Peer 1: 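I have a structure I would like to understand better, so I am pasting it below and will then ask my questions one at a time.
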Amino acid sequence: MPTIIEDILKRFQHQGIVTRKEIMAKLGDQVKTTTAVKGLLENRKALFIKKGLYYLKSPDEWYRDYVEINPLLLAGRMHPKSVVGYHAALKCYGTAYSESNLFQVALDNSVRRVSKPFEFQNVRYQFYKADLSFGIVSSVLDKFKIKHFSRERILLEGLMFPERFLGIGEFLQSIDGFTWLDLDALLNMINHYPNTTIYMRLGWLLECNKKKWSVDEKILKKLEKKRPESRLMLVKNQTRNNYLVKRWSLMVPKTVNELSEA
């Protein structure tokens, strides 16, 4: 008859990261849960990450003194309703322009409390609440499946929140690695962004990459009709060293233009 530890490993080892709540839901008893967690840690079958969060080692890791956890796995699995988002999601596609020890975690809006940032194995995890009902895809990472933002979701989020991508320059240089996009999916996602300025932002970006992403002029004209008339700063609070893109009434930092010419 399997022990509690064997039972937990069989149920959760395939996902790598497990929470105390998940173990509790499986065992249905507080005492059994405490016993199971204690046993996993003492027998070196699990690694403590933070209160209520553990990494279940694979058999070949049971006797290692140090096990390094892939930050993408932890970011995507640290909560049942979390996905890898923003700049960290670019790493899932291998297009992040710069290396960073900051990983962004998107938590579903239904989660009551947003966790405070914390550090583990020299990586800092930052949390944001978001609507996770769209633009979420899965990838297999080191035999584990994780959820993260799609390319199209990354584009829209970066235009609205470039600071979550380490700045507009980092964002633009990173998405330059996208060789294709699902334009139909991208345009459908706009409905999730009530701020109409998304039309001018997206229109400008698609026009800049018109050839690379095979953007039809009809798409640009549709976006142009819906954009606000008033001028907008591409980067909020940057009122100097911008140039005007008339078609989109968008004030774009000159440094962005320099990037495109490089």
Side-chain angles (χ1 to χ4, degrees), residues 72 75-76 83-100 103-106 128 130-141 145-228 232 234-235 245 247-250 252-253 255-262:
L72 289 175
V83 305
V84 181
Y86 310 103
H87 185 265
L90 289 165
K91 296 176 182 290
C92 298
Y93 296 100
T95 64
Y97 185 75
S98 300
E99 286 298 321
S100 173
F103 280 66
Q104 296 83 0
V105 181
Y128 301 91
D131 180 355
L132 301 186
S133 67
F134 70 98
I136 307 300
V137 296
S138 298
S139 294
V140 176
L141 176 73
K145 182 181 287 188
I146 61 169
K147 293 182 179 180
H148 55 84
F149 283 179
S150 67
R151 291 178 177 84
E152 297 74 28
R153 177 79 184 260
I154 286 174
L155 236 64
L156 295 171
E157 295 290 339
L159 289 169
M160 297 304 294
F161 309 106
E163 69 280 1
R164 299 180 186 181
F165 290 80
L166 312 184
I168 191 66
E170 172 71 18
F171 166 68
L172 293 173
Q173 287 177 295
S174 294
I175 64 170
D176 190 52
F178 290 168
T179 56
W180 66 274
L181 291 171
D182 185 335
L183 294 174
D184 289 334
L186 177 63
L187 296 175
N188 287 333
M189 285 183 199
I190 298 180
N191 298 323
H192 293 277
Y193 296 80
N195 192 330
T196 57
T197 63
I198 189 63
Y199 293 102
M200 57 210 302
R201 295 174 186 272
L202 182 58
W204 165 76
L205 184 63
L206 291 182
E207 187 172 37
C208 289
N209 294 277
K210 187 175 181 179
K211 185 176 181 180
K212 177 188 290 188
W213 295 334
S214 301
V215 181
D216 194 292
E217 179 62 25
K218 292 180 181 179
I219 292 177
L220 298 177
K221 288 182 178 179
K222 287 182 179 179
L223 294 172
E224 188 177 9
K225 289 180 180 179
K226 295 183 178 181
R227 70 162 178 79
L232 173 77
L234 177 62
V235 180
V245 181
R247 181 176 188 180
W248 305 106
S249 294
L250 200 62
V252 178
T255 52
V256 169
N257 192 44
E258 293 168 0
L259 286 175
S260 62
E261 293 175 351

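Note that the structure is predicted; figures quoted are calculated from it, not measured. For reference, positions follow the sequence shown, starting with 1. Below, all heavy atoms of this structure are taken into account, side chains as well, without hydrogens, waters or symmetry copies.
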Peer 1: Out of curiosity, Arg164 CZ to Gln104 CD, how far, rounded to the nearest 0.5 Å?
Peer 2: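 One gets 9.5 Å once the value is rounded to the nearest 0.5 Å.
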Peer 1: Between the side chains of Glu157 and Arg153, is the shortest nitrogen-to-carboxylate-oxygen separation below 4.0 Å, so that they form an ion pair?
Peer 2: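 Looking at Glu157 together with Arg153, the answer is yes, because their closest N to O distance falls below 4.0 Å.
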Peer 1: Show every salt bridge (charged side-chain N to carboxylate O under 4.0 Å, His left out) that has at least one partner inside residues 193-205, sequence neighbours left out.
Peer 2: none
Peer 1: Measure from the ring center of Tyr128 to the ring center of Tyr86 and say whether it is less than 6.0 Å.
Peer 2: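 For Tyr128 and Tyr86, the ring centres are under 6.0 Å apart.
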Peer 1: List for me each residue that meets salt bridge (charged side-chain N to carboxylate O under 4.0 Å, His left out) alongside Glu163, sequence neighbours excluded, and say none if there are none.
Peer 2: none
Peer 1: Please round to the nearest 0.5 Å and tell me the distance separating atom CG of Leu90 and atom CZ of Phe171.
Peer 2: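 So the CG of Leu90 and the CZ of Phe171 are separated by 8.0 Å.
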Peer 1: Can you give me the closest heavy-atom contact between Leu220 and Gly203, atom names plus distance?
Peer 2: CD2-O, 3.7 Å
Peer 1: If you draw a 6.0 Å radius around NZ in Lys91, do more than 12 non-hydrogen atoms from other residues or ligands fall strictly inside?
Peer 2: yes
Peer 1: Residues two or more places apart in sequence or in another chain: which of them pass side-chain hydrogen bond (donor to acceptor under 3.5 Å, both in side chains) with Ser98?
Peer 2: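 Only Glu170 meet the side-chain hydrogen bond (donor to acceptor under 3.5 Å, both in side chains) criterion with Ser98.
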Peer 1: Check side-chain hydrogen bond (donor to acceptor under 3.5 Å, both in side chains) between Lys226 and all other residues, then give those that pass, not counting sequence neighbours.
Peer 2: none
Peer 1: Just to verify, what does Tyr93 make a ring pair (Phe, Tyr, Trp, His ring centres under 6.0 Å) with, not counting sequence neighbours?
Peer 2: His148, Phe178
Peer 1: Looking at Lys212, I want to see if its NZ is surrounded by more than 12 non-hydrogen atoms of other residues, nucleotides or ligands under 6.0 Å.
Peer 2: yes
Peer 1: For Ser249 and Met200, which heavy atoms make the closest approach, and how far apart are they?
Peer 2: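 So the minimum-distance heavy-atom pair works out to O-CE, 3.4 Å.
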Peer 1: What heavy-atom pair brings Phe149 and Ala89 nearest, and what distance separates the two atoms?
Peer 2: CB-CB, 4.0 Å
Peer 1: Out of curiosity, Leu232 CG to Trp204 CH2, how far, rounded to the nearest 0.5 Å?
Peer 2: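 If we round to the nearest 0.5 Å, Leu232:CG and Trp204:CH2 are 11.5 Å apart.
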Peer 1: Suppose the criterion is side-chain hydrogen bond (donor to acceptor under 3.5 Å, both in side chains): which pairs have a residue in residues 181-190, not counting sequence neighbours?
Peer 2: none
Peer 1: Nearest 0.5 Å, please: how far is CG in Asp216 from CG in Leu183?
Peer 2: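 Answer for the CG-CG pair, Leu183 versus Asp216, is 9.5 Å.
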Peer 1: Counting C-beta onward and ignoring hydrogens, is there a side-chain heavy-atom pair between Val215 and Asn209 closer than 4.5 Å?
Peer 2: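 Sidechains of Asn209 and Val215: no contact.
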Peer 1: What closest approach, in Å, do Cys92 and Leu72 show between heavy atoms, and which atom pair accounts for it?
Peer 2: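 Cys92 and Leu72 have their closest heavy atoms at SG-CD2, 4.1 Å.
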Peer 1: Rounded to the nearest 0.5 Å, what separation is found between the CD1 atom of Ile146 and the CG atom of Leu141?
Peer 2: 5.0 Å
Peer 1: Measure the CG-CD1 distance between Leu187 and Ile219 for me, rounded to the nearest 0.5 Å.
Peer 2: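 It comes to 5.0 Å.
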Peer 1: Could you tell me whether the side chain of Ser174 and the main chain of Tyr97 form a donor-acceptor pair under 3.5 Å?
Peer 2: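 Such a contact is found between Ser174 side chain and Tyr97 backbone.
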